Amino acid sequence: MAPPFPVFRNTRLLAGEGNGPIDANLVTAAPKAIVSGLNRNGITWQSGAIPSAVQIGGSCSPSVEWPMSSSNTQHWNPAQYSKNARFVSDLGMPVVDWLDPRPGERILDLGCGDGALSRKLVDRGCEVVGVDASAAMIAAAQALGLDAQVVDGHSLPFENEFDAVFSNAALHWMTAPERVVSGVWRALKPGGRFVGEFGGHGNVAGIVAALGAALTARGLTVPDPWYFPRPEEYGKLLRSHGFEVTRLDLMPRPTLLPGDVGDWLATFAQAYTAALPVAERGDFIAGLVEALRGPLCDANGAWWADYVRLRFSATKPDAA
Ligand code: BEZ
């Protein structure tokens, strides 16, 4: 099976790279194609590879900024997550391989969600602490017998105690990344590793464009709830805290969804849907499913999300 949109090739920054410019066309090619698919479905956008503002139809009233951030509009429901998002942990094994966990290591799983990957680390003989901002997800992780705590990743309370910090599909929810990286640095022992994967530049760009367009048409805007950096930007951030960056890849990963994009939106895009009265959210999502059918639904009726992953491995030097 193949996604209905073209896929660009990986961008790899090797150790020591990343302070200079990289070829922006490489990292924006797929989103451009998807957004142009949206255009065929009646959405127009202004210049630039990824639209900062898109509109459905004609002019609309001045935008009203919705005041809430994702942190208080996104609510996690472990049962819904398990049904619509199990692929998140299922597809997390390559980053576990990069972590290369060894028995006896003490590992912090940052943004552990319902603990599916923490459990795998424990099964490999590691001593794992899982943290997540969602009390509901932490309760699900604890039900797996894990040491899991409700902690905001922006305020990690740990000092010099972990051999590694691991994170899968969580860092894009933490929109003050300097605070996160500072906390990770503090939490690690000298020689410790920070290995993770999250949404990188261009991630779900077609979905984001359609969401923005649909809200704009209603006179609303929502602050960007997600952090999807370019690799050179994230590499620079890690190095500015003292990390040695050993690997940093931006890679497209078109992801087959278990349902349609409406299920994805209901699970993950509450920062956007919360801008609408509850009674209007069903129609809002139904409209987006139709707008995204052309770009994201293949000839067999299977839905794909235009995921782009940023995967990295960094080390706190021994001397630190
Ligand atoms: C992601 O895993 O890339 C992602 C999931 C939900 C919202 C945004 C991004």
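Read the numbers this way: they start at 1 and go in the same order the structure lists the ligands and their atoms. Computed from a predicted model, the values in this text were never measured in an experiment.
- The residue Phe87 has no part lying near ligand 1, judged by heavy-atom distances below 4.0 Å.
- Among all protein heavy atoms, the one lying closest to atom 9 (C) of ligand 1 is Asn203 ND2, 3.5 Å.
- Checking Gln142, Arg119, Arg86 one by one against Asp114, the side-chain hydrogen bond (donor to acceptor under 3.5 Å, both in side chains) holds for a single residue, Arg86.
- Side-chain atoms of Asp298 never come within 3.5 Å of backbone atoms of Pro4 as a donor-acceptor pair (strictly under, hydrogens ignored).
- Of the N or O atoms in Trp226, none lie within a sub-3.5 Å distance of an N or O in ligand 1.
- Residue contacts with ligand 1, taken as heavy atom pairs separated by less than 4.0 Å, do not involve Phe198 at all.
- A donor-acceptor pair under 3.5 Å links the side-chain atoms of Lys316 to the main chain of Trp185, judged by distance alone.
- Looking at Thr273, its side chain never comes within 3.5 Å of a backbone N or O of Arg281 through a donor-acceptor pair.
- Classified by interplanar angle (parallel below 30°, tilted 30° to 60°, perpendicular above 60°), the ring pair Trp226/Tyr272 is tilted.
- Protein heavy atom in closest approach to atom 1 (C) of ligand 1: His172 CE1, 3.2 Å.
- Classification of the Phe162-Phe158 ring pair by plane angle, with boundaries at 30° and 60°, yields perpendicular.
- Between Trp173 and ligand 1, no N or O atom pair is found at a separation short of 3.5 Å.
- Using 4.0 Å as the threshold, Trp264 has a heavy atom nearer than that to some atom of ligand 1.
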